[in-house]
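Read the structure below first, then the notes.
Hydrogens, waters and symmetry mates are skipped; everything else that's a heavy atom, side chains included, is used. To find a chain, count down the sequence lines: A is the first, B the second, and so on, and within it residues start at 1.
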Amino acid sequence: MSDHDHPRAIGGKPFDPLMKTLLAIFGVSAVVMVYRFFTGVGPVSNMTDGFTWGIWEPVNVVVFTGIGAGAYGVALLCYLLNKGKYHVLVRPAVLLGAICYTLGASSIVIALGRYWNSYWLAVPTMWNLSSALLEVAVCVLSYVAVLWIEVLPSVLDGAAQSKSSAWSQLGRTWGPLLAKAMPYIIALAILLPTMHQSSLGGLLLIAGPKVHPLWHTALLPTLFLISCLSMGYGAVVVLTTILNLTWKAKHDQRLFAEMSKVNAGLLLLYVVLRLGDIAIHGKLAYLGFNGYTLLFVVEIALFLVPAFMFFSPRVQQNKGRLFGAALLTVAAGASYRVDTYLSVYRPAPGWDYFPSFGEIIVTIGMAAIGMAIFIFISRMFPVVVVETRDHSHAGSGRVLTAGSR
Amino acid sequence: MSISRRSLLKGAVVAGAATALVGRAEAREEVEPRPDAVGMLYDSTRCIGCRACVTRCKEANSLPYDRTAEGIHDAPTDLNSNTKNIIKVWTAGEKSAFTKQQCMHCVDPSCVSVCMMGALHKEGEGKRDFAGEKKGTGVVLYDKGTCVGCRYCQIACAFNVPKFEWFEAFPLIVKCELCRHRGDPKKEGPLAIANPACCEACPREAVVYGKREALLAEAKRRLAEDPKRYNGLIYGEKEGGGTQVLYLAGAGVTFKQLGMPELPEESSASFSERVSHAPYLHGITPIALYGAMAFVIRRNKSKEEASEHHGEGK
Ligand code: SF4
Ligand code: SF4
Ligand code: SF4
């Protein structure tokens, strides 16, 4: 494997000011979380019997895992379609995915009223297979495990290069073994998100009487699947651009431009399905001068604008513009998801909701600890491919695919 | 590489077509009312709003009072974790009508469809074997031992019936279970199954308990006997797949005005399960997909390694 495409541990001081800030934010949210276990969910949140999921489920689970779907998207390109050039993106994307999904799963535990009963989930005879949430729970939990197994090659790589002989022995024994098993794990890493990301949309099928007709459709699973991919690809570009600015991570503009064209296709597909579905089912009448229409128009615009940007050479060749467009795709998916779960969800007349300080700080704290974990692992283990001076043939370098990481 | 992509595409097309075909064929069956189902009939035209049923419901279920500011009266304004039954009033100018809210004991309940381990379940049809539960009554019961407190039932129930104990460290879901605990096996007929305190308390028989079939017949009889008194409809006969608690409302009053949601005849549970299960083909799709993907990924890998050995780029 040529040297310049090999990921490296970033090294450096673990507790820089940024890390301290992130940990401090998480500290505040941890207080709220612990408090919740003594008092119940009510005192720390504005959740009610009407808005029973507040922002934790819509944001911490549905949006976070959408961002984490970059791992899924890159795996699709790199392994299933065998496009080896995307390999440089795999490790950062997988680490981002592992962190996002872990945070999503942890947020559920905090939100669950009777969390101690969750052990039943391990007993398949107890599963109610009609429940979309059961599928989400089982798939997400398995996928969290799969993602961390996918992170392992970085750790074993790091161990193999370590000075301590025990560690290096461990890395050199288990690394190749894991590489052999990798195809089977990667196949799971594609199957599981395909299932649970569509089920995340499927969760709201049953809430038909409560979700605004412009959003409630039999296509919810399809639209959630597409939006997780578009968010994921966007998030990978955003992440790698930031890593390039901070740690000189390899930034392959041509590769990003190409991936973004795939993304543009997804974004347009979403818009076509969404508008077509509304037109076919005669729901155009719901559009008018009202708040719902405004949300709807903003949402569609958020999908359309980056799609067209991705096709423009001026954006494809410019790091900053491509970054902006990628950020918009994340915002697009996030707004679609939050709208469906929260903004257009009306349990019955008379219910109102705005998140409490406690809810918001838990969400922010989760994001902060996620960033901290990412930075920590990238410093310690080879995750990020760092730019080297002699790198000249971006995107054409020989890189390994399928499981050989 | 081009081959793998082509075969993948082909596979996707075949899987998609099969899904579309079989998915429609295996559409989930509609759940019909169980012949022995029990329920209640509430007649808004007979209700005088005395709220005796609200008080008796609390007593029968050992629920704490929702104290008013002066601390004497029990005055809940809506169903909540202390209140499984409530009487509300609708007014418009001179006109007014009372309505009662509690669990509808749906024929095909959303809450049962979504509950991960069957904490909310139809009597005798849950995931665990409970001694004494009789299959076929259709009463929707709650098992705190398998409830994880996810609150998906609250999202799913179109009637907003399940309530959550927000201010408890070890909270429960609270909802009417048709006073099944008050049933007396020594008695005959429906009273052996359950015995709603609210029906016992009502001085005007505005709410009565019985077998759903009998109640439906009674409702029809009342409509036929005095058509001018009623709006001519029976809420719950078909709404949302049908409910075991049925409603009659006075002439000129719509059920929507009484706070009932307007629901299609297909239950939400049926719609949701139909749409989300179709692509799975009873689990065949995921397994086939997994096998196909593992195969393609492994082959891509070995090709990669082969080209590595020959020292060529790809
Ligand atoms: S009314 Fe709600 S809680 Fe009662 S059975 Fe129907 S869906 Fe379940
Ligand atoms: S809160 Fe409990 S009863 Fe309601 S759906 Fe979740 S597990 Fe079932
Ligand atoms: S059946 Fe029992 S629990 Fe249900 S509303 Fe009547 S009294 Fe209350």
Looking at [options], which one has more heavy-atom pairs under 4.5 Å with chain B than the rest?
options: Gly40(A), Pro209(A), Ser130(A); value: Ser130(A)
options: Leu220(A), Ile190(A), Asn128(A); value: Asn128(A)
options: Thr39(A), Asp49(A), Leu205(A), Val123(A); value: Asp49(A)
options: Phe51(A), Phe38(A), Trp53(A), Tyr119(A); value: Trp53(A)
options: Ala348(A), Ser198(A), Ala218(A); value: Ala218(A)

Of His121(B), Arg128(B), Lys127(B), which meets side chain to side chain donor-acceptor pair (under 3.5 Å) against Asp143(B)?
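Single side chain to side chain donor-acceptor pair (under 3.5 Å) partner of Asp143(B) among His121(B), Arg128(B), Lys127(B): Arg128(B).
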| Evaluation steps, salt bridge (Lys or Arg N to Asp or Glu O under 4.0 Å), between Glu123(B) and Arg34(B) | CA-CA 12 Å; Glu123(B) 179 174 2; Arg34(B) 291 146 184 80; over 6 Å; no
Exercise for review: Determine whether more than 12 heavy atoms belonging to other residues, nucleotides or ligands lie under 6.0 Å from atom OH of Tyr115(A).
Suggested key: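 Yes, enclosed.
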query: Residues in ring pair (Phe, Tyr, Trp, His ring centres under 6.0 Å) with Trp166(B), at least two apart?
result: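 Only Phe164(B) meet the ring pair (Phe, Tyr, Trp, His ring centres under 6.0 Å) criterion with Trp166(B).
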Problem set entry | Arg151(B)/Glu57(A) ion pair, N-O < 4.0 Å |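 No, this pair does not count.
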Discussion item. Salt bridge or not between Glu258(A) and Lys85(A)? Use side-chain N to carboxylate O under 4.0 Å.
Written reply: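 Salt bridge: yes.
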Chain A interface, residue from [options] that has the most non-hydrogen pairs under 4.5 Å:
options: Gly118(B), Ala269(B), Gly145(B); value: Gly145(B)
options: Ala294(B), Pro171(B), Ser276(B); value: Pro171(B)
options: Thr146(B), Ile173(B), Val112(B); value: Thr146(B)
options: Leu172(B), Asp78(B), Asn80(B), Leu79(B); value: Leu172(B)

State whether the side chain of Lys175(B) and the backbone N or O of Val140(B) hold a donor-acceptor pair below 3.5 Å, judged by distance alone.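 It does hold such a pair.
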*Any donor and acceptor pair, going by atom type alone, linking the side chain of Tyr79(A) with main-chain N or O of Asn300(B) inside 3.5 Å?*
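Checked: no pair found.
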(message) Once rounded to the nearest 0.5 Å, what's the spacing between atom SG of Cys106(B) and atom NZ of Lys122(B)?
(response)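 Reported to 0.5 Å precision, the distance equals 7.0 Å.
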For [X], which atoms come within 4.5 Å of any heavy atom of chain A: side chain, backbone, both, or neither?
X: Tyr152(B); answer: both
X: Leu263(B); answer: side chain
X: Glu273(B); answer: side chain
X: Pro261(B); answer: neither

With only heavy atoms counted, which part of [X] is less than 4.5 Å from chain B, the side chain, the backbone, both or neither?
X: Ile108(A); result: neither
X: Thr52(A); result: both
X: Glu135(A); result: side chain
X: Leu129(A); result: backbone
X: Leu203(A); result: both

### ring-ring contact (aromatic ring centres under 6.0 Å, His included) contacts touching residues 178-203 of chain A (sequence neighbours left out)
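Every pair satisfying ring-ring contact (aromatic ring centres under 6.0 Å, His included) with a residue in residues 178-203 of chain A: Tyr101(A)-His196(A), Tyr143(A)-His196(A).
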Check your understanding: If we ignore angles and hydrogens, is there a donor and acceptor under 3.5 Å between the side chains of Tyr72(A) and Thr194(A)?
Key ->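 Their side chains do contain a donor-acceptor pair, which is all the 3.5 Å distance test asks for.
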